Novice: 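First the structure, then my questions, so here it is.
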Amino acid sequence: MESRWEANFSFFHSSLRMSVECAFSMLVQQWGCLWRPLSSSLRHNILSVHACAIVHNWCIDHGVPVVLQPQAGRRSVRMDQR
């Protein structure tokens, strides 16, 4: 049986994980270079994802519409429409 501390940790860990997964999903939908497995070195892959995140945040900060690319059978969604 989990202790109270372990149960609290599990709850907050799960909550944070969902936020990270949602944010990464938005990056993948927006940036075509993330639509397929990254095949470079780990260092280069980390830099690529970091660059996508920086440009994504810059677009949001400067009012550039962020359009998420549709997945099969879905329409495009602008971030300000969510």
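Since we're looking at a predicted model, the values are computed, not measured. Excluded from the calculations below are hydrogen atoms, water molecules and symmetry mates; all remaining heavy atoms, backbone and side chain alike, are included.
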Novice: Can you see which heavy atom on Ala7 is nearest to which on Glu2, and at what distance?
Specialist: CA-OE1, 3.7 Å

Novice: Quick one: does Cys52's side chain get under 4.5 Å of Cys33's, heavy atoms only?
Specialist: yes

Novice: Just how far is it from atom CG of Asn45 to atom OG of Ser39, taken to the nearest 0.5 Å?
Specialist: 7.5 Å

Novice: Between Ser25 and Glu21, is there a donor-acceptor pair closer than 3.5 Å when you use the side chain of the first and the backbone of the second?
Specialist: no

Novice: Out of curiosity, Ser14 OG to Met18 CE, how far, rounded to the nearest 0.5 Å?
Specialist: 4.0 Å

Novice: Do the side chains of Val64 and Met26 join up, straight or via other hydrophobic residues, at under 4.5 Å, putting them in one cluster?
Specialist: no

Novice: What is the distance from atom NE2 of His44 to atom CG of Leu47, rounded to the nearest 0.5 Å?
Specialist: 7.0 Å

Novice: Report yes or no: do Val49 and Trp35 belong to one cluster of Ile/Leu/Val/Met/Phe/Trp/Tyr joined by side chain heavy-atom distances under 4.5 Å?
Specialist: yes

Novice: Between Glu6 and Ser3, is there a donor-acceptor pair closer than 3.5 Å when you use the side chain of the first and the backbone of the second?
Specialist: yes

Novice: Are Leu38 and Val55 connected into the same hydrophobic cluster when the rule is that any two of I, L, V, M, F, W, Y join if their side-chain heavy atoms are below 4.5 Å apart?
Specialist: yes

Novice: Rounded to the nearest 0.5 Å, how far does CZ of Phe24 lie from CG of Leu27?
Specialist: 6.5 Å

